[in-house]
Amino acid sequence: MSIKNDEIARIFSEIGDYLEMQGVAFKPRAYQRAAVVIAGLTEEAADIYKKGGLRALEEIPGVGASIAEKIEELIKTGRLGYYQNLKNKVPVKLSELRAVEGLGPRHIKFLYQKLGIKNLQDLEEAAEQGKIRKLVGFGTKSEEKILKSIQFLKKSGGRFLLNEVLTQAREIEERLKRLPGVGKTAIAGSLRRRKETIGDIDILVTVSTKSATNKVADFFASMPEVVTIFAKGPTKSMVKLKSSLDADLRVVPEKSYGAALSYFTGSKEHNVCLRELAIKKSWKLNEYGLFAVGGRGKTERWLAGRTEEEIYQKLGLVYIEPELREMTGEIEAAQADQLPKLIGYNDLRGDLQVQTNWSDGQHSIEAMGRAAAALGLEYILITDHSQRLAMAHGLDEKRVLEQLKEIDRVNDRFKKAGIKLVILKGSECDILKDGRMDLPDQLLAKLDIVGGSIHSHFKLSRSEQTERLVRAMTNPQVDIIFHPTGRLINRREPYDLDIDRVIEVAKATGTVLEVNAFPDRLDLKDEHIRRCVAAGVKLVVSSDSHSTNHFSVLEYGLAQARRGWAEKSNVINAWPLEKMKSMIKHGRR
DNA sequence: GCCGTTTTCGGCCCGACTGTTTTCAGTCG
């Protein structure tokens with residue numbers, strides 16, 4: 001059992017914190033950087049080591065001789081002496097304490113030395129007993145802040161689903177937009193990068209006058225949903241909302257809009273790289289602009305900053321879409337002008353997973369069709385559950401045959417009514433424990449497109465689960481695998497799967513893999529999508545709608561596809577009906 | 001500890017805000 005990248009990354013990140021505690025210079029950053037890079041690798045470090053040894057590990061950016069040896073030790077023994085030694089000196093639960101807002105490595109060490117605080121519980125008790133306010137460097141406010149943060153940590157995991165946060169952020173942005181003196185507004189941060197979970201809201205505003213600056217900050221801090229004001233200044237304010245989300249507001253002059261947007265969009269690692277590119281040209285990049293630094297660092301000449309595009313251009317890069325700014329190769333690709341032309345948010349022509357009231361959906365086939373047509377879609381695939389999913393009123397053979405007739409009737413009605421949407425016949429057919437399908441092949445052959453799903457036996461071993469999917473994909477009747485990893489964000493881990501083998505077999509069999517757009521699924525996830533794109537596996541972005549108002553979630557699936565570097569050509573339902581059909585097994589037979 | 005279209009040695013991203021401070025350290029993004 002070899003160590004996973006996430007675990008290696010966690011250990012290096014903690015090493016960074018421990019070195020920070022000791023006041024060591026520069027080393028902490030080296031370890032933190034290595035941690036971020038390793039967490040973002042698409043291949044396991046253990047596999048890299050197996051193939052190429054220490055030398056291959058050193059090829060990883062941010063990994064030199066010393067860190068490579070530490071990775072080797074972790075792979076071979078599962079432990080790291082260097083890390084243990086550091087941990088023994090300050091034996092605290094870093095993962096718990098670091099989650100407390102405003103508590104960094106220095107304070108954690110200080111609290112351990114003075115009060116013996118090792119974990120969240122110790123910290124809460126000390127704060128409640130008023131012990132922290134007496135320490136040098138702390139006060140009553142620090143103590144209150146710690147207690148509040150602990151309350152929050154207990155209540156939520158600290159990360160929210162993309163859709164929840166995006167909705168709130170858009171509402172706030174709309175209100176800010178209407179304030180006098182406000183120019184441009186933008187949602188920045190991980191929200192703009194459309195990460196699948198979000199820690200807080202970042203909103204950027206430009207103003208034309210000084211007086212407007214303060215008015216914007218005042219307005220922001222006094223919004224009805226604000227429960228706590230962490231900070232309030234002319235350029236930066238931070239609040240907590242009733243939803244227990246944190247929201248940050250940044251105010252900059254018009255001239256700095258692009259620089260600020262770039263800066264506040266992140267990711268942090270991406271920004272550091274942009275700044276380093278600026279330094280190489282003897283320039284300086286900050287949230288106010290790109291500057292040439294003149295004689296003896298005294299004078300500064302403004303070079304760019306009004307738009308993100310001009311900053312990227314000056315730095316020798318083509319524009320990089322926010323969803324790509326994760327420091328996973330986008331800078332190099334931009335330098336070589338080899339970035340993908342990402343699928344657009346308006347590029348979908350159809351939706352290939354739609355449930356109706358024939359199984360567990362809320363609305364009729366016709367109602368779902370009309371709702372999809374109203375959004376401009378050209379086709380939908382009806383995919384009610386199959387018989388095994390009795391809980392969801394799954395369809396048996398007899399009812400599938402009835403439904404086919406009903407779909408014909410609805411298509412006729414649409415044609416007569418001039419509704420330009422075609423309803424296709426499909427199924428979300430259960431993949432049984434052994435990989436066989438829940439409905440007979442002769443029946444599946446009558447459908448336009450068949451999707452297979454795993455809804456049971458989540459705990460099979462990795463090899464059993466993988467072979468189960470492989471068998472389904474090898475079935476010529478199965479065109480798509482729906483929500484391939486089965487995870488529910490913040491609620492259920494994915495089942496154990498050899499995803500690379502799944503991708504390989506998908507390629508070999510011409511099976512399409514789904515990017516399920518439902519915000520708590522987003523399954524496949526971005527890194528898997530990227531591997532599919534690289535392997536030439538076709539994808540479908542579908543809504544899994546169970547109601548007429550669910551089609552809007554397609555936006556999140558598209559965001560996920562973009563984060564996975566997918567182009568229009570990779571996503572079959574971005575194509576016209578006939579071409580889409582030609583891309584699936586049923587269409588080719 | 002890492003890294004190199006100026007460097008294999010000498011650099012390493014930068015600014016805002018808070019709290020407890022009489023000038024700054026710590027944290028955050």
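Just so it is clear, the structure is predicted and the values come from calculations on it, not from any experiment.
- Using P as the reference atom, B:dG11 and B:dC17 are 31 Å apart when rounded to the nearest Å.
- With respect to the salt-bridge test (charged N to carboxylate O, under 4.0 angstrom), the residues A:R250 and A:E287 do not qualify.
- Heavy-atom distances to DNA chain B give each of A:Y82 and A:G233 a nearest nucleotide, and the one nearer the 5′ end belongs to A:Y82.
- Summarising the geometry, the separation between CD1 on A:I229 and P on B:dT18 is reported as 11 Å, rounded to the nearest angstrom.
- At a threshold of 4.0 Å, the pair A:E326-A:R563 counts as salt-bridged, since one of the basic side-chain nitrogens sits closer than that to a carboxylate oxygen.
- A gap of 24 Å separates the C1' atoms of B:dC9 and B:dC14, to the nearest Å.
- Contact annotation for A:K109: no contact, since no heavy-atom pair falls under 4.0 Å across all strands.
- With A:E330 as the partner, the side chain to side chain donor-acceptor pair (under 3.5 Å) test is satisfied by one option alone out of A:H270, A:R325, A:Q335: A:H270.
- Among pairs with a residue in residues 63-80 of chain A, those fulfilling side-chain hydrogen bond (donor to acceptor under 3.5 Å, both in side chains) read A:Y31-A:K70, A:Y49-A:E72, A:S66-A:K70, at least two apart in sequence or across chains.
- Checking each of A:E310, A:Q313, A:E308, A:E309 against A:Y319 for a side chain to side chain donor-acceptor pair (under 3.5 Å) leaves exactly one that passes, namely A:E308.
- Look at the C1' atom in both B:dC2 and B:dT7: the space between them is 14 Å, to the nearest Å.
- To the nearest whole angstrom, the two C1' atoms, one in B:dT8 and one in B:dG1, are 15 Å apart.
- The gap from the P atom of B:dC12 to that of B:dT6 amounts to 16 Å, rounded to the nearest Å.
- Checking B:dT8 for Watson-Crick or G-U wobble geometry (two distances, each under 3.5 Å) identifies no partner in any strand.
- With B:dA16, B:dC14, B:dC12 as the candidates, the nucleotide lying closest to the side chain of A:T235 is B:dA16.
- The gap from the P atom of B:dT27 to that of B:dT20 amounts to 14 Å, rounded to the nearest Å.
- Atoms CD (A:E69) and C1' (B:dG1) sit 12 Å apart, rounded to a whole Å.
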Under a 4.0 Å heavy-atom criterion, the protein footprint on nucleotides 20-29 of chain B, written with B, S and -, is S-----SSSB
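- At whole-Å resolution of the value, CD1 in A:I11 and C1' in B:dG1 are 18 Å apart.
- We find that A:E7 and A:R10 are joined by a salt bridge, their nearest charged nitrogen and carboxylate oxygen being less than 4.0 Å apart.
- The separation between A:N286 atom CG and B:dA16 atom P is 8 Å, rounded to whole Å.
- No contact: A:L274 has no heavy atom under 4.0 Å from any strand.
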Could you go through nucleotides 2-5 of chain B and list every protein N or O atom that sits under 3.5 Å from one of its N or O atoms, giving the distance for each pair?
residue: B:dC2; atom: OP1; partner: A:G64; partner atom: N; Å: 2.6
residue: B:dC2; atom: OP1; partner: A:G64; partner atom: O; Å: 3.3
residue: B:dC2; atom: OP1; partner: A:I67; partner atom: N; Å: 3.1
residue: B:dC3; atom: OP1; partner: A:G62; partner atom: N; Å: 2.6

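- The 12-atom threshold is exceeded at NZ of A:K177, counting heavy atoms of other residues, nucleotides or ligands nearer than 6.0 Å.
- Only the C1' atoms considered, B:dT23 is 15 Å distant from B:dT18, to the nearest whole Å.
- Per the geometry, NZ belonging to A:K145 stands 6 Å off P belonging to B:dG19, to the nearest Å.
- Side chain of A:N85 to main chain of A:Y82: no donor-acceptor pair is present (N/O by atom type, distance under 3.5 Å, no hydrogens or angles).
- A side chain to side chain donor-acceptor pair (under 3.5 Å) with A:E321 is found for one member of A:K341, A:R562, A:R194 and no other, namely A:R562.
- Atom CG of A:L285 is separated from atom P of B:dG15 by 10 Å (rounded to the nearest Å).
- One can place CD of A:E276 at 12 Å from C1' of B:dC14, the figure rounded to the nearest angstrom.
- Under the 4.0 Å criterion applied to side-chain N and carboxylate O atoms, A:K195 and A:D526 are not assigned as salt-bridge partners.
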